[in-house]
Protein chains: 2
Amino acid sequence: MYGRHWWHGHLRRRGYRVTVPRETIIQVLSDADKHLSVEEIFNEVLKLHPGVGLTTVYRTVELLRNMGFVKKYEFGDGLSRYELEKGSKKPHHHHLVCTRCGKIIDYTDFVDEEVVLLRKVENRLTKKYKFDIKNHQIHFYGICDECK
Amino acid sequence: MYGRHWWHGHLRRRGYRVTVPRETIIQVLSDADKHLSVEEIFNEVLKLHPGVGLTTVYRTVELLRNMGFVKKYEFGDGLSRYELEKGSKKPHHHHLVCTRCGKIIDYTDFVDEEVVLLRKVENRLTKKYKFDIKNHQIHFYGICDECK
DNA sequence: CTCCTTATTGACAATAATTTTCAATAATAA
DNA sequence: TTATTATTGAAAATTATTGTCAATAAGGAG
Ligand SMILES: [Zn+2]
Ligand SMILES: [Zn+2]
Ligand SMILES: [Zn+2]
Ligand SMILES: [Zn+2]
């Protein structure tokens, strides 16, 4: 097994083995700076290590999700997308989805009040519905510049 | 064709025919006060008009979506859910999704600032990304009371 | 390093949701 | 009533995802 990355310990600590497919998949997610579909991850992985199976990508991505490292998104086109959350350079963001061409824009430049309010809302919901809120997703749907 | 409902004119105006399956499907969506999966819509429709096909439900729901009457949601369990937007008694709302049992809570009791801010954010995004924002979805994920 | 145990893998089959196809049907205009 | 053609239902086709299982390889013990 090659170099020790931050995820190495995380896997081992939970009794999971560090394998080539897993390392590669995390690598790919790590390099990408946006949500990838399983197919896209698979293609990137193949460039680095031909022979890794598609099934393994599904499995690994789900594993990482359970570990809380990866976030799963569904934007309405029938494909699930995955994005590294932990250890990612990319900070938390929200999405703009073009309903015509499917383009997705991430935006992170929140208005200050945005972040403050969101926290406030979360607290209120937590109390009111006794719901243990872990995270949120905010999508704005519309028509992008080119599609107009 | 039975009674004239609000949607009758909308369909006709766009050159669509008013049919029993369509009337029934809209009826079902209209009576429901929450997002339904295609399967759920289908079952309700069968109670009113046995013989309507599942395919037609898929088609109609998509038609209504294109007409802007129905909103499509994906909460991450692989099923699409549909909810009447136009002509619905149910106002705009956001969602709380339990990642353990799948339960979904709608909440409409927004904090005042919530609505104001959201509008502000939308305006800013519209300008900045030249994106024509039509609507948004906000989901909070976590663990519900029973699942804790 | 070598051997052993067993988690992990890849190929393939199996599901499940959604879409497509197409001949039969039924809504509307004439 | 008749003609036109959008719409429908049934069945096949597609697509994303999950399950199965024998072969492989990671990591602990010696
Ligand atoms: Zn956020
Ligand atoms: Zn676009
Ligand atoms: Zn809202
Ligand atoms: Zn729950």
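Only heavy atoms go into these numbers, but all of them, side chains included; no hydrogens, no water, no symmetry mates. The chains referred to below are lettered A, B, ... by the order of the sequence lines, with proteins before strands, and numbering in each begins at 1.
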Between [X] ([atom1]) and [N] ([atom2]), how many Å, whole number?
{"X": "A/L79", "N": "C/dA17", "atom1": "CG", "atom2": "P", "answer": "17 Å"}
{"X": "B/I25", "N": "D/dT7", "atom1": "CD1", "atom2": "P", "answer": "13 Å"}
{"X": "A/E23", "N": "C/dT8", "atom1": "CD", "atom2": "C1'", "answer": "14 Å"}
{"X": "B/N66", "N": "D/dT7", "atom1": "CG", "atom2": "C1'", "answer": "16 Å"}
{"X": "A/D77", "N": "C/dT19", "atom1": "CG", "atom2": "C1'", "answer": "15 Å"}
{"X": "B/R22", "N": "D/dA6", "atom1": "CZ", "atom2": "P", "answer": "11 Å"}
{"X": "B/Y16", "N": "D/dT5", "atom1": "OH", "atom2": "C1'", "answer": "15 Å"}
{"X": "B/L11", "N": "D/dT7", "atom1": "CG", "atom2": "C1'", "answer": "12 Å"}

Open item on the list: Looking at B/R17, I'd like to know whether one of its side-chain N or O atoms comes within less than 4.0 Å of OP1 or OP2 on C/dA29.
Closed with: no
Task: side-chain N/O A/R12 vs D/dG28 OP1/OP2, d < 4.0 Å - done: yes
Got a donor-acceptor contact below 3.5 angstrom from the [X] side chain to the [Y] backbone?
{"X": "B/Q137", "Y": "B/H95", "result": "no"}
{"X": "B/R12", "Y": "B/Y16", "result": "yes"}
{"X": "B/E74", "Y": "A/G76", "result": "yes"}
{"X": "B/T56", "Y": "B/V52", "result": "no"}
{"X": "A/E44", "Y": "A/L29", "result": "no"}

Open item on the list: Would you say the rings of B/H139 and B/F75 are close, in the sense that their centroids are separated by under 6.0 Å?
Closed with: yes
Open item on the list: So that I know where these two stand, are B/F140 and B/H94 an aromatic pair - ring centroids less than 6.0 Å apart?
Closed with: no
Task: Plane angle bin for B/H35 and B/Y73 - parallel if under 30°, tilted between 30 and 60°, otherwise perpendicular - done: perpendicular
Task: Bend angle of the helix from C/dC1-D/dG30 to C/dA30-D/dT1, from helix axes over five pairs at each end, nearest 10° - done: 40°
- [ ] Could you check which residues of residues 50-63 of chain B get a heavy atom under 4.0 Å from DNA chain D? Sort them by number, please.
- [x] B/G51, B/V52, B/G53, B/T55, B/T56, B/R59
- [ ] Would you please name every residue forming a ring pair (Phe, Tyr, Trp, His ring centres under 6.0 Å) with B/Y82, sequence neighbours left out?
- [x] none
TODO: Could you check B/G15 against A/E39 and say which one's nearest nucleotide on DNA chain D is further toward the 5' end?
DONE: B/G15
